[in-house]
Protein chains: 2
Amino acid sequence: MVSLMPVEGKTRREVLTEFRRAEILAAARKVFAARGFRAATLEEVAVEAGLAKGTLYLYFDSKEEMFWAIFRGRVAEMHRRLQAVLSEPGGTADKIRAGLRVRFELLREDQDFMRIYLTEFGQCIYGGPWAKEFRKLHLAGARLLAPVLEEGIRRGELRAVPPLETALALMDLVKSTVSLKLLGMHENRIDVEQFIFDLFWRGVRAEGAAAEGGQ
Amino acid sequence: MVSLMPVEGKTRREVLTEFRRAEILAAARKVFAARGFRAATLEEVAVEAGLAKGTLYLYFDSKEEMFWAIFRGRVAEMHRRLQAVLSEPGGTADKIRAGLRVRFELLREDQDFMRIYLTEFGQCIYGGPWAKEFRKLHLAGARLLAPVLEEGIRRGELRAVPPLETALALMDLVKSTVSLKLLGMHENRIDVEQFIFDLFWRGVRAEGAAAEGGQ
DNA sequence: CATTTTAATGACCGGATCGTCATAAATGTG
DNA sequence: CACATTTATGACGATCCGGTCATTAAAATG
C-alpha cells in the first residue's frame with residue numbers, strides 16, 4: 001500500500017504535492033503582482049498554472065491562504081538577508097548602505113514581490129484580517145535596523161535620532177522610491193540607491209562627521 | 001414656468017442640486033475613507049447620506065466620478081495651499097518647513113482625505129483608469145517644490161541635489177510618516193514634523209551650512 | 001384643487017467571482 | 001485486465017454590487 005518511495009523522510013507523494021504547491025504559488029505570485037490581491041482571480045491563477053480552478057483547492061483552502069503563503073515567505077527571506085548583511089562587521093554607514101543594497105537587489109530580482117508589498121501595504125490600514133500581520137512584519141523590518149542605529153549613536157557616528165522612527169523613515173524612503181521606480185518616474189537619470197543613501201546619511205550622521213559614506 | 005428665484009446667477013434648483021451633491025460627497029468621503037474605493041459600496045454611501053441608492057445616480061454618473069470629485073478637489077486645495085506658502089518670501093529652509101506644515105495640517109484637519117490619498121495611490125500602479133491622473137497629480141505636487149529647491153541650490157543654501165527627485169523623496173517621506181501616524185505607530189513620543197524636517201534638511205543643506213533651520 | 005413637472009425610491013438585472021461537488025481522468029494495485 | 005485510490009475538472013450555487021428603470025412621492029403651477 002505504501003510502496004511509494006520515501007525520500008528524505010517524505011513519501012514520493014508528499015514531494016509531488018509540495019512541488020505542485022510551489023508551482024501554484026509561482027503562478028499566483030505572477031497574477032497577484034499584475035492585478036493586486038482583490039482584482040486577481042483564481043481563474044487566472046489556474047490558467048497561469050495550467051490547471052483548473054477546482055484543482056487549486058486541493059492544495060490551498062482559500063485565496064487568502066495563497067496570498068499569505070507568498071507574502072510571508074518573501075518577507076521572511078528579505079529579513080534573513082537584511083539580518084545577514086547587518087550583522088557583518090563594519091561602520092554604521094556601511095551597514096546602512098548594505099541594507100539599502102539588499103532592498104534594491106530584491107527589487108531587481110523580484111519586482112512582483114515588491115509590487116505586492118507596496119500596494120497591499122497601503123490596504124492594511126483598512127484593518128482587514130491582515131492589518132495586524134502586515135504591521136507586525138513591517139515593524140519587524142525596522143527592528144532589524146534600529147539596533148544598528150543605536151550602535152551608531154553610541155559610537156558617535158550618528159547624532160541622537162530616535163532609532164525605531166528613523167529606521168521606519170529609511171524603510172519608507174526606500175519603499176516609496178521603489179514605487180516611483182515601478183511607476184517609471186526615475187528612469188536612469190540618477191543613481192537612486194546612491195541618492196537615497198546620501199540623503200539619509202547626511203540626515204543622520206553626527207554633526208562633525210564628513211561625508212564618509214560618500215565613497 | 002421659470003419662477004424659481006435666481007440667486008447670484010443660479011436658480012434655486014441649481015443651488016439645491018449643488019447642496020445635494022455636496023451632501024452626497026461628504027457621505028462618500030466618509031465611506032471611501034473607511035473602506036477604500038473598491039470595498040466601499042454605494043449602498044453604504046446612500047445610507048450614510050440618508051438617501052436611496054438610485055438617488056445617487058441623479059447627481060453622479062458613476063462611483064468613479066464620485067471618487068474623483070472628492071479626490072481632485074482635495075488635492076487641488078492642497079496644492080493651492082502649498083503654492084501659497086512657498087511663494088512667500090523667506091529662506092529655503094523656511095519654505096521647506098512651511099511646506100511640511102501644510103501637509104501635516106491637512107492631515108490633522110482631514111484624516112479621511114489623507115487616508116484616501118495614501119491607500120489609493122498604491123493602487124495606481126495597476127494602471128486602471130486613474131493611473132495617469134494620479135501620477136500627474138502626484139508629480140504636480142513635486143513640481144511646486146522643485147523650483148524652491150533649485151533656487152536654494154542657486155543661492156548656495158543647498159548642495160546640488162536633483163530637484164524633482166528630491167521633492168518626490170520629501171513628499172514620500174511625509175506621506176509614509178503620515179501613514180505610520182494613521183497606523184498609530186508614532187503616538188506622541190516624538191515631534192514627527194520636526195523629526196522629518198531635521199532629517200531632510202540635514203540631507204540636502206550645503207556642506208558648510210549649520211543647522212540653521214533647527215530653531 | 002387638479003395637473004404637470006421634478007425628485008426619490010428600491011426591486012431588479014447583469015456580470016463577476018469565490019468556493020463546492022458530482023463526475024471523470026489518471027495512476028497505482030493485485 | 002479489473003478494480004481501487006488519488007488527482008483533476010469545470011459546471012454550478014451562492015453572494016455581492018454597480019447601475020437601471022418603472023413606479024411612487026413631492027413640489028411647483030395655474
Side-chain angles (χ1 to χ4, degrees), chain A residues 1-7 10-25 27-28 31-32 34-70 120 123 126 128-130, chain B residues 1-7 10-25 27-28 31-32 34-70 120 123 126 128-130:
Chain A
M1 195 180 269
V2 189
S3 74
L4 298 161
M5 200 186 294
V7 181
K10 290 171 183 174
T11 64
R12 182 181 213 75
R13 164 140 47 263
E14 279 169 342
V15 171
L16 286 175
T17 295
E18 263 178 48
F19 186 72
R20 265 275 192 274
R21 271 183 70 103
E23 274 188 326
I24 292 171
L25 284 184
V31 177
F32 282 142
R35 303 240 187 286
F37 177 76
R38 273 210 163 88
T41 73
L42 293 189
E43 187 58 41
E44 281 177 290
V45 174
V47 169
E48 181 69 36
L51 295 170
K53 190 170 62 169
T55 309
L56 304 184
Y57 284 87
L58 297 177
Y59 298 91
F60 297 92
D61 288 341
S62 70
K63 194 181 174 184
E64 278 189 22
E65 194 200 327
M66 265 183 228
F67 181 78
W68 273 102
I70 294 166
E120 304 301 331
Q123 295 290 331
Y126 296 130
W130 318 322
Chain B
M1 195 180 269
V2 190
S3 75
L4 296 161
M5 198 186 296
V7 182
K10 292 170 183 174
T11 63
R12 182 180 214 76
R13 174 169 300 89
E14 279 170 341
V15 171
L16 287 174
T17 295
E18 263 178 47
F19 186 72
R20 265 274 190 275
R21 271 184 69 103
E23 274 189 326
I24 292 172
L25 284 184
V31 176
F32 283 143
R35 303 237 187 290
F37 177 77
R38 273 211 163 86
T41 73
L42 293 187
E43 186 59 41
E44 281 178 291
V45 173
V47 169
E48 181 69 35
L51 296 170
K53 191 170 61 169
T55 308
L56 304 184
Y57 284 87
L58 297 178
Y59 299 91
F60 296 92
D61 287 341
S62 69
K63 194 182 176 185
E64 279 188 22
E65 194 200 327
M66 265 183 228
F67 180 77
W68 273 102
I70 295 166
E120 305 301 332
Q123 295 289 331
Y126 296 130
W130 316 322

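Reminder, nothing fancy here: chain letters follow the sequence lines and each chain counts from 1.
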Notebook entry, point to check: Is any side-chain heavy atom of Glu120(B) less than 4.5 Å from a side-chain heavy atom of Phe67(B)?
Noted result: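 Glu120(B) vs Phe67(B): side chains touch.
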
Next item on the list: Check whether any side-chain heavy atom of Met66(B) lies under 4.5 Å from a side-chain heavy atom of Tyr59(B), and answer yes or no.
Entry: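 They are not in contact (no side-chain heavy atoms under 4.5 Å apart), so the answer is no.
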
Could you check which of [options] has an atom nearest any side-chain atom of [X]?
{"X": "Lys63(B)", "options": "dG18(D), dG19(C), dA8(D)", "value": "dG18(D)"}
{"X": "Arg20(A)", "options": "dG18(D), dA8(D), dG19(C)", "value": "dA8(D)"}
{"X": "Leu51(A)", "options": "dT9(D), dA7(C), dG19(D)", "value": "dT9(D)"}

How is [X] classified with respect to the nucleic acid when contacts are heavy atoms under 4.0 Å: base, sugar-phosphate, or nothing?
{"X": "Ala40(B)", "value": "sugar-phosphate"}
{"X": "Thr41(B)", "value": "sugar-phosphate"}
{"X": "Ala49(A)", "value": "nothing"}
{"X": "Phe60(A)", "value": "nothing"}
{"X": "Leu58(A)", "value": "base"}

Item checked: Arg20(B) with Glu23(B): basic N within carboxylate O range, under 4.0 Å ->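 Salt bridge between Arg20(B) and Glu23(B), a charged N being under 4.0 Å from a carboxylate O: yes.
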
Within the structure, does a side-chain N or O atom of [X] lie under 4.0 Å from either OP1 or OP2 of [N]?
{"X": "Arg38(A)", "N": "dT17(C)", "answer": "no"}
{"X": "Lys53(A)", "N": "dG10(D)", "answer": "no"}
{"X": "Tyr57(B)", "N": "dT9(C)", "answer": "no"}

Margin query: Tell me whether Arg35(B) contacts the main-chain N or O of Thr41(B) through its side chain, where contact means a donor paired with an acceptor under 3.5 Å.
Written below: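 Judged by distance alone, no pair lies under 3.5 Å.
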
Notebook entry, point to check: Under 3.5 Å, side chain of Lys63(B) to main-chain N/O of Ala40(B), donor-acceptor pair present?
Noted result: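 Yes, because the side chain of Lys63(B) sits within donor-acceptor range (under 3.5 Å) of the backbone of Ala40(B).
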
[atom1] of [X] versus [atom2] of [N]: gap in Å, rounded?
{"X": "Leu56(A)", "N": "dT17(C)", "atom1": "CG", "atom2": "P", "result": "15 Å"}
{"X": "Glu65(B)", "N": "dG18(D)", "atom1": "CD", "atom2": "C1'", "result": "14 Å"}
{"X": "Phe32(B)", "N": "dC17(D)", "atom1": "CZ", "atom2": "P", "result": "13 Å"}
{"X": "Glu44(A)", "N": "dA16(C)", "atom1": "CD", "atom2": "C1'", "result": "12 Å"}
{"X": "Glu43(A)", "N": "dC18(C)", "atom1": "CD", "atom2": "P", "result": "9 Å"}
{"X": "Glu64(B)", "N": "dG18(D)", "atom1": "CD", "atom2": "P", "result": "12 Å"}
{"X": "Phe67(A)", "N": "dC18(C)", "atom1": "CZ", "atom2": "P", "result": "14 Å"}
{"X": "Arg35(B)", "N": "dC17(D)", "atom1": "CZ", "atom2": "C1'", "result": "14 Å"}

Margin query: Taking the six-membered ring for Trp, are Phe37(A) and Trp130(A) closer than 6.0 Å centroid to centroid?
Written below: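 Under 6.0 Å, so yes.
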
Next item on the list: With DNA chain C as reference, determine whether Thr55(A) or Phe37(A) sits nearer its 5' end, using the nearest nucleotide of each.
Entry: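 With Thr55(A) and Phe37(A) compared, the 5'-side residue is Phe37(A).
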
Check: Hey, which of these two, Ala52(B) or Ala39(A), hits DNA chain C nearer its 5' end, going by closest nucleotide?
Finding: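 Its nearest nucleotide lies further toward 5', so the answer is Ala52(B).
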
